[in-house]
> 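Handing you this structure, nothing more for now.
Lettering follows sequence order; numbering is per chain, from 1.
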Amino acid sequence: MDFSCTEEQTLLRNMVQSFVSDNYDFDTRMKIVRSEDGMDRAIWQQFAELGLLAAPFSEEMGGLDGGPVETMVIMEELGRGLVVEPYLPTIVLCGGILNRHGSAAQKESHLPGIIAGENIWALAFNEPQGRFNLADIVTSARAEGDSYVLNGAKAVVLGGPWADKLIVSARISGNQRDRDGVGLFIVDKSADGVSTQDYPTVDGGRASEVTLENVTVSGDAMIGDASSGLDILEEAVDYGIAAICAEAIGQMKMLNDATVEYCRTRKQFGVPIGSFQVLQHRMVDMFMEYEQSVSMTYMVNMKLDEDAAARAKAAAGAKVQIGKSGRFVGQEAVQLHGGMGMTEELNVGHFFKRLTMIDTQFGNVDHHLKRFAAA
Amino acid sequence: MDFSCTEEQTLLRNMVQSFVSDNYDFDTRMKIVRSEDGMDRAIWQQFAELGLLAAPFSEEMGGLDGGPVETMVIMEELGRGLVVEPYLPTIVLCGGILNRHGSAAQKESHLPGIIAGENIWALAFNEPQGRFNLADIVTSARAEGDSYVLNGAKAVVLGGPWADKLIVSARISGNQRDRDGVGLFIVDKSADGVSTQDYPTVDGGRASEVTLENVTVSGDAMIGDASSGLDILEEAVDYGIAAICAEAIGQMKMLNDATVEYCRTRKQFGVPIGSFQVLQHRMVDMFMEYEQSVSMTYMVNMKLDEDAAARAKAAAGAKVQIGKSGRFVGQEAVQLHGGMGMTEELNVGHFFKRLTMIDTQFGNVDHHLKRFAAA
Amino acid sequence: MDVDFTPEDIAFREEVRSFIEENYPKHLGSLDRGDMTKEDLLAWHKILHTKGWVAPSWPAEFGGTDWTVTQRYIFNEESARHGTIPPMPFGVQMLGPVIYTFGNQEQKDWVLPGILSGKDWWCQGYSEPGAGSDLAALKTKAVLEDDEYVVNGHKIWTTLAQHADWMFCLVRTTSGEKRQDGISFLLIDMKTPGITVRPIITIDGGHEVNEVFLEDVRVPARNLVGEQDKGWTIAKFLLGNERSGIAGVARSKKAIDRLREIARGELENGGPLLSTADFSRKIAELEVDLTALEYTELRTLAAESQGQGPGPESSILKIKGTEIQQRITELTMEAVGNYAAPWVPQLDVGDNYLAIGPEQSHGVSQTYFNTRKTSIYGGSNEIQRNIIAKMVLGL
Amino acid sequence: MDVDFTPEDIAFREEVRSFIEENYPKHLGSLDRGDMTKEDLLAWHKILHTKGWVAPSWPAEFGGTDWTVTQRYIFNEESARHGTIPPMPFGVQMLGPVIYTFGNQEQKDWVLPGILSGKDWWCQGYSEPGAGSDLAALKTKAVLEDDEYVVNGHKIWTTLAQHADWMFCLVRTTSGEKRQDGISFLLIDMKTPGITVRPIITIDGGHEVNEVFLEDVRVPARNLVGEQDKGWTIAKFLLGNERSGIAGVARSKKAIDRLREIARGELENGGPLLSTADFSRKIAELEVDLTALEYTELRTLAAESQGQGPGPESSILKIKGTEIQQRITELTMEAVGNYAAPWVPQLDVGDNYLAIGPEQSHGVSQTYFNTRKTSIYGGSNEIQRNIIAKMVLGL
C-alpha cells in the first residue's frame, strides 16, 4: 500500500504547476476563452514541447510511457488552472483508444501527430437521444465493400471545433442500445459529408454538434472490431472519468483554499466571517468532501487496469463521489463568497461552473449510482 | 381560507391538555408502559367520561359529531403526553370504519361499547409478507353458506393485546395484491381459532401477531362488501395517517421546546451551548421541520373528505413530511442533549422512539413518496 | 379550519384569469428570458396600472386594490400560472410602503403615482462592498450643506440600476456610538451629476446587477424620507417587506410543471426520464416540500389577515422558498443531460444558436447558475437562520 | 502509488483468517448481542493473548506484534469480516499507550501484563455531569494526604464500569488559573471503599454505561501516572488514540453485507426489497461513501507508516465513520418494515420472544437507537468539526 508519488511524478507535477502558474493565470485563461478560437494553439505547442502530450504513450511511438498516475497528476494541475485546451479529448480519450487498441498502422499514422501537437482529436460518442448510455447509438455504419458509410448525428462533442480528427461510435449491426455491433471509426473532420455546428460550453470550452451524411471511411479506419467497439468505448470513458476526477480535486482544492482565505479576511459585524461557527463547519464539510474525493480519485486511477467489471465499479463509484462533492464544494464556495462568488470577474464562479459540468460529463450521479449498484 | 380553531375546538384542546398534564406525566406514563397490562384501564374510562371516545361519532349513536379537526386536536395533545392508550386503533381506525361504513346494525351493536370505553378494538391489516401494501393479503376468507371461514396470519397488530374485537382484512377472491376481492371482517378476539402472540413495541405500546385458523364469522360481520373492502381500508389508513401526523407535531413541539431549553441552560466552555451558532442553526432547522409538518398536518386533515385520489395524495404527502421531519427532529434532539438524550430516564429518547415508529407506521417515506408520485 | 375558497373567491379567480389571458402581451414570454428590454419589463406593469391592479398590497387610498389576503394570494397564483412578468419590486414592493408609511405628503404625492404608472423606475441603494449581510456597516456618506446633501460612496449589487430613474439609498449622516444610528434614507435622481453605474456580469452571463459610484452627488434635502439619522427603522421595515412574497410558491409550481414536461420529453434508455424511479422520486420530494411551504405561507397570510403582521417566522418562507427554487433549477439542468453544456447567450455566435439541442434545454444551466443568488441576496439564508434563532427561539 | 498487497501481506491474511476460523469460539456470536457476560466479552481477548496478538499497536517490547501498518489493517479487516469481539478498548487502546509512554517502570510492570492477559478490566473515568464536550471543566477532586489521594466526585457515561476492576481517572488536584492545569491522571481500584456504580439504561434498553460516584476514595500516591497537575497532556494523548480506528470501515462493510442479505429476504410487492430502485440506490450510496472512507483511512495509515502520526485530519474518520454506521443501522431498520416495532429484549416476556417476526428483524431497532451514541461520544461530531476548523483549516 503506497499513496506517494515517485520522484519523477513529483517533478512532473512541479513542472506542470509552474507552467500553468507562469503562463495561464486567470486573466489569460479568460482571454483565451473569449477569443475567436477559444483555445491557445501556442500553449498547445508548449504542451508538446514539455512532453505533456507524450506522457501516456509508449516509448516506441515517441511517448513517455506514463500510466494513470501521470495522467492524474497532469489533469489535477490543468484543473487548478481551469485549462481549456483539449488534453482530455485528444490525449486521454482518443489518444488512449489509439494507444491501447489501434492497429500498428493506426498508431504509426496518428500518434506522432498527436504527440507533436499537430493534430487535435475529439471523441464523438454522445447522441441526442442517448443521454448517458454509451450503447444508445442510432448513427449507422453500413458496410459497402471494404468501406463503411456513416450516417447520423453526434451530440455535444467536446473539443469538436478544434479537432481535425474524430473517433465516432456508430452501429454496424443490431438494435439501438444493443451492446454488440458498435464500431469506432476514425473520421477526418474535413471528409465529405461531415458538418458541424460549433458553440461554447458553460465551462469555457467549445463543443460541436456533428452531422454525418453518407460519410465514407475505409475499413482501416475502424478501431478494434464490431464485437469490441463498445468495450473499447467504455474503457475510454472510464479513463476519461479517472482523468476528470483528478481535474476536479485540483479545482475543489482551489475553491476550498480560496474560501478559507476569503473568510479569514472578509469582515462583517466587525469580525472575519470565518469566525462564525456555521461557516467554519461548512468549510470543514467542504474539506471532508475534498478529502473523500481525493481518496476516490486515487482509487480509480489505481484500478484502471483491472478487469472490466472492477474498473467499471471503481469508475462509477469515483464519479458518484466527485459529482456530489464537486457540486457541494462549488455551491458552498459561491455561497460563502456571497455576491462576489456570483460574478464573472472572480475565478470562483468559473471553478463552480466547471465542477457542475464535471458531474454531467460521462454521466451524472444518478447514472453512475445505477452502474455502481449493477456492477 | 381559515386556519384557526373554533371556540369549541380550543376548549377541547385545553381540556385534553390539562387532563394529560394532570394525569399523565412522564413518570406515570413509564409506570403504565412497564406495567403488566401496558395500559391504564382507568385512564381509558376517564377518556370515555370526558367524551374523547365519543368525539368523532354521530350524535344519533351517542357521539359528539366531531370531524378531522377534533381528532387532530386530541391526537396532538395525546402525542405531547406520549399517551399509549389505544385511541388510534379503537377510535380513529376501527371506530372510523364502523362509523363511516358500518351497517345500521353494526353501528348499533358496536359503537356504544366503544364510546362507553367498554370495548377496545384493533385493526389487523398488516401481513408478514405484505410490507406496506394494504392489498398484499394472503389471509383468506372462504364463503361457506352465510358465513366466512378465515385463515391466515396478521402482523404487528397495534393494540392487539388489549383488544376484544378485531377488524381483519382478508381475501375473498382474486390473487394476492389484487385490489378487488378484499373483505373487512369484525372478529371477536375470543372466537375459536384466533390466537395471538403479544409483545411490547419500541415506542411503549403493545402489539400482537394474530393467527386465524378456521375462524368462522357470520356474513353480517363483513363491513361493506368485497368490492369496497380495500377502499374502506385505504380510507381508514389515511385517517390514521392524518391522526398520527397530529400526534407527531405534538411530539416535535415537545422535543424542540425541550432542546431549546436544554441548550439555554446546559453550559460547556463557560457558556450555554445554545450560544454556539451551529447548534442555533440546527435548532432553527428543527423549528422549520416542525412548522412544515404543522402545515402538512393541517392540510391532510382538511382534505380527508375529498375524493379518494385527492385524499390519497394529501395523506401520502403529509406522511412523507412527517416521516422525514420526525426522524430529523428526533435525531437532533438526542444529539443536542448529548448523553442525556440517550437515557431511558429522560422523555427525549421516548419521543425520539415514537417519532421513529411513526415513520414506519402505515408505510414509511419511500412508500408514500411512490404513492404521492403515482396519485 | 378550512382551505376551501368561497364562491366569491372562485369568481375572482375567473376574473383574474381571463383578464390575464386577454391582456397579457403574447410576445413577452416569461421572466426567464435574459434579454428583456426596459420596455418589455414594464409592459405588463403598465397594463396592470391601467386596470388598477399594479399594487394590490397597498392601501386603497394610495392606489391599492383593497383585496382580501385570499384575493391577493389568488392574484399571485394566477399571475405565476401564466408566467407574467411581475411589476418591478423596487417601487411597488419596497419603496411604496416606505413612502406611505414614513414619507411626508409631498413625497407621497410625487413618488407613489410614478411607481404606479411605471414612469419612475427605482433601484435599491443598500449594499456596499463592506456592508453586505452586515448592512449597518455602510459607509456611503451624506453631508448636509445648506439645503442639499452631498453624497459620496459606493453601492454594489444594485439590481437593474442600468434602467433606473431614481435610487432609494441608505447613507450615513452621522457617525454615532451605535452603528445603526446616524443612517438616513435618501431618494436620489440617477441623472444627478457624479453618479456612475458600472455593470457586474454574473456567472450566468447576465447583466442584472451593478455597482453605483457616487461622487459629490448633490441631493435636495427634501428628498430625505423620515428623520435624518433615523433611517435604520425604515431600512428594517423595508427588509421585512422584502421577505414576504419571496417564497415564490406559485412560480415554483409552474417551474415544476415545466420540469415535468421536460423530463417527459427527455429519454433514458428509450423511455421518458420522468418515468424512472430516481427522477419521479426527486420530483415527488420537491412537490411535497413545496406543498408544505404553500401551506406555511397560507398560514402566514391567514395570520396576517387577522391583523398579525408577518413576524420573523416569515424567514422560513425565504429559506425554504429559495432552497426549493435552487433544487428545481438544479434538477431541470440534470434533466437535459448532455445538453446542459451548451452556453450560447453568453457569446454572440450568430442567429442559429437556438438550434443547439432540444428547445427545452436552452438556458437551463444559466437559470441554475443565476438561481444560486437567491440564497445570498435579501439577507443570506445564514442571516435568516440567525434571525429565527434570535427572534423566534430566543437564543 | 499502489494498493496491491504484497505476497507477504497475502500470506499474512491467510494466516490471520485461518487462525480466526479455527479458534474463534462458535458460541460467542458478534458484539451486536446485547446480553454478553464479562466472560463472553473476554473470551476472544484471552485467546488472542495466548497467540500474542492482543495489542498489535503496541511496541513489541511491551507485548505488541511489530506488525506493519498494512498487517494491522489486514488483521482488523479479517477480524471484522468474522465479526469477532475485539479486545476491550479501555485497556489495550486507551490505557496501554498512556502507561508505556508516561508511566514509570513499576506501573509498566503491573499495568501492562494485566491488560494483555485480560486479568484487569479497565474503565475510563473522564466525563462528568458538567464536563462532557468540555472535558477540562471536570470537578472530581483529589487531595493528597500523606501518601494517598482522597478522591471525591462524580463520573458519568462510564462504559462497562459494572465489569471493571480498575478505572483510569482524571481528577483535579489544583485549581489553577487555566482550567487545563491542575488535572492529574490516577489509577483507581474499583474495589476501594467509597465507590458506587449506578447503571444508566439507554434508549435501546441496554446497560452499557454507568455513573460512578466517588466518596472519600483513598488512592495510593504511586497510582499517579506522570506528574501531578500535568494530566491534561495525557488526557489529550489518550483522546487522540481513541479517534484512530473509530472509522470502523471493515465492520461497516460487514454490516452492509448483512443489510443486503436482509433486503434480499424482505419483500415489496412480492419481489426482494433489494431489487427496488430506492433501496438499491441507498445501498449504493452507502457503499460509495464507505469506499471513500476506506481509502481515506488507508491514506492515513500510509502516512502513519511513513512516520507521520495521525493528525487532526483523522477527525474525518470519526465523523464519516459514525455517520455511515448510523445510516447503515437506520436503513437496516427501514428494511424490516413493520417488524421494526417489536421490542422484546427490554422486557422479559418469556422464552419464545425470538419467534416474533422474521429472525433477521430481531434487534435492528435497538441497534439503530444504540448507534445514535456514536456521534455523541469520543468527542461529539460537532467537536470534531471544531478540531478540523481550528487545527487543519486554521480558522
> Without swapping roles, check the side chain of Arg206(A) against the backbone of Val33(A) for a donor-acceptor pair under 3.5 Å.
yes
> Would you check, one step at a time, whether the test side chain to side chain donor-acceptor pair (under 3.5 Å) holds for Thr140(C) with Glu128(C)?
CA-CA 8 Å; Thr140(C) 293; Glu128(C) 298 185 7; 2.7 Å; yes
> Looking only at heavy atoms and a cut-off of under 4.5 Å, which of Leu267(C), Thr276(C), Asp278(C) has the most pairs with chain A?
Asp278(C)
> Salt-bridge test for Arg327(C) and Glu323(C): reply yes if a basic N is under 4.0 Å from a carboxylate O, no otherwise.
no
> Between Ala137(C) and chain A, with a heavy-atom cut-off of 4.5 Å, which part of the residue counts as in contact: side chain, backbone, both or neither?
neither
> Quick one: what part of Arg179(C) sits under 4.5 Å from any heavy atom of chain A, side chain, backbone, both or neither?
side chain
> Pick whichever of Val278(A), Thr356(A), Asp203(A) has the most heavy-atom pairs under 4.5 Å with chain C.
Thr356(A)
> Please report the C-alpha distance between Ser35(A) and Asp37(A) in whole Å, then the side-chain angles of each, then the deciding distance to 0.1 Å, and finally whether the side chain to side chain donor-acceptor pair (under 3.5 Å) criterion is met.
CA-CA 5 Å; Ser35(A) 68; Asp37(A) 195 20; over 6 Å; no
> Using non-hydrogen atoms only, which part of Ala131(C) is less than 4.5 Å away from chain A: side chain, backbone, both, or neither?
backbone
> Taking all non-hydrogen atoms of both residues, which atom of Thr139(A) and which atom of Gly152(A) are closest, and how far apart?
OG1-CA, 3.6 Å
> Distance-only, no hydrogens or angles: does the Gln251(A) side chain make a donor-acceptor pair with backbone N or O of Gly79(A) under 3.5 Å?
yes
> Against chain A, work out which of Asn338(C), Asn370(C), Thr202(C) has the most heavy-atom pairs shorter than 4.5 Å and name it.
Asn338(C)
> Can you check salt bridge (Lys or Arg N to Asp or Glu O under 4.0 Å) on Glu234(A) and Arg179(A), steps first, answer last?
CA-CA 11 Å; Glu234(A) 276 184 355; Arg179(A) 283 195 62 90; 2.9 Å; yes
> Which atoms of Val209(C) come close to chain A, meaning under 4.5 Å heavy atom to heavy atom: side chain ones, backbone ones, both, or neither?
neither
> Considering only heavy atoms, which portion of Asp366(A) lies under 4.5 Å from any heavy atom of chain C: side chain, backbone, both, or neither?
both
> Under a 4.5 Å cut-off applied to non-hydrogen side-chain atoms, are Phe369(C) and Thr329(C) in contact?
no
> Using a cut-off of under 4.5 Å on heavy-atom pairs, state which of Gln268(A), Glu345(A), Arg327(A) scores highest against chain C.
Gln268(A)
> Specify which of Met340(A), Gln335(A), Gln129(A), Lys370(A) makes the most heavy-atom pairs with chain C at under 4.5 Å.
Gln335(A)
> What part of Glu334(C) gets within 4.5 angstrom of chain A, counting heavy atoms only: side chain, backbone, both, or neither?
both
> Name the region of Leu135(C), side chain, backbone, both or neither, that has any atom closer than 4.5 Å to a heavy atom of chain A.
neither
> Report which part of Leu346(A) has an atom under 4.5 Å of a heavy atom belonging to chain C: side chain, backbone, both, or neither.
neither
> Tell me, do Ile167(A) and Phe125(A) make a side-chain contact under 4.5 Å, heavy atoms counted?
no
> Using non-hydrogen atoms only, which part of Ala277(C) is less than 4.5 Å away from chain A: side chain, backbone, both, or neither?
neither
> With only heavy atoms counted, which part of Ala207(A) is less than 4.5 Å from chain C, the side chain, the backbone, both or neither?
neither
> Would you tell me whether Ser169(A) and Lys154(A) have side-chain atoms, one donor and one acceptor, within less than 3.5 Å of each other?
yes
> So which of Leu273(C), Val336(C), Ile203(C) has the largest heavy-atom pair count under 4.5 angstrom toward chain A?
Ile203(C)
> Highest number of heavy-atom pairs under 4.5 Å with chain A: which of Ile156(C), Asn269(C), Asn381(C)?
Asn269(C)
> What part of Met342(A) lies closer than 4.5 angstrom to a heavy atom of chain C: side chain, backbone, both or neither?
both
> Check each atom of Ser133(C) against the heavy atoms of chain A and say whether the ones under 4.5 Å are side chain, backbone, both or neither.
both
> Check the orientation of Phe352(A) and Tyr368(C). Use parallel for under 30°, tilted for 30 to 60°, and perpendicular for over 60°.
tilted
> When heavy-atom pairs shorter than 4.5 Å are enumerated against chain C, which of His367(A), Arg131(A), Gln331(A), Arg282(A) gives the highest number?
Arg131(A)
> Regarding Thr259(A) and Glu332(A), do their side chains bring together a donor and an acceptor under 3.5 Å, going by distance alone?
no
